[in-house]
Participant: 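Quick one: the structure is below, questions incoming.
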Amino acid sequence: NLKKVFLWDKLTGEIAAFQRLKNDCFETQNRLMKAENKLENSLSGKMLSGKMIQDIKQTITSSKEELRNKFSDFNMMLF
């Protein structure tokens, strides 16, 4: 029985971790898509300052890095 309880706790913990990962990934994906759309719309419209373009690209880069880190952390937790 103790072994079953341990396995059940481990399973529910992994499910909870996956749900957190899923929610974090959706949030990060939304932030990434907004930044990419902002960059696309800005580039197709008026001329932007180099600083503004750099800020948008930094947001895109940090969102992509955040996604990579979340998957890496989750992968390390499972194995």
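On a predicted model such as this, the values are computed, not experimentally measured, just so you know. Position 1 is the first residue of the sequence; numbering continues from there.
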Participant: Spell out, as yes or no, whether a donor-acceptor pair under 3.5 Å connects the side chain of Ser62 to the backbone of Gln58.
Facilitator: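 At least one qualifying donor-acceptor pair exists.
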Participant: May I ask you to decide whether Lys51 forms a salt bridge with Asp55, counting only side-chain N to carboxylate O separations under 4.0 Å?
Facilitator: yes
Participant: Would you indicate whether the side-chain heavy atoms of Leu11 and Leu7 approach each other to under 4.5 Å?
Facilitator: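 No, side chains not in contact.
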Participant: How long is the straight-line distance from CG of Asn30 back to CD of Glu27, given to the nearest 0.5 Å?
Facilitator: 8.0 Å
Participant: To check you understand the geometry: which heavy-atom pair defines the closest contact between Ser63 and Thr28, and what is its length?
Facilitator: O-CG2, 3.2 Å
Participant: Report the distance from atom CG of Asn1 to atom CZ of Phe6, rounding to the nearest 0.5 Å.
Facilitator: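 That separation rounds to 15.0 Å.
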Participant: Look up atom NZ in Lys38 and atom OG1 in Thr59, then write down how far apart they are to the nearest 0.5 Å.
Facilitator: 7.0 Å
Participant: Rounded at 0.5 Å granularity, tell me how far CG in Leu21 sits from NZ in Lys70.
Facilitator: 8.0 Å
Participant: Is there a path of hydrophobic side-chain contacts, each under 4.5 Å between heavy atoms of I/L/V/M/F/W/Y residues, joining Met33 to Ile56?
Facilitator: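 No, Ile56 does not connect to Met33 through the hydrophobic network.
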Participant: Any chance you could measure Ile60, atom CD1, to Leu39, atom CG, to the nearest 0.5 Å?
Facilitator: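 The CD1 atom of Ile60 sits 5.0 Å away from the CG atom of Leu39.
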Participant: I'd like to know whether CD of Glu65 has more than 12 heavy-atom contacts from other residues, nucleotides or ligands below 6.0 angstrom.
Facilitator: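 Yes, enclosed.
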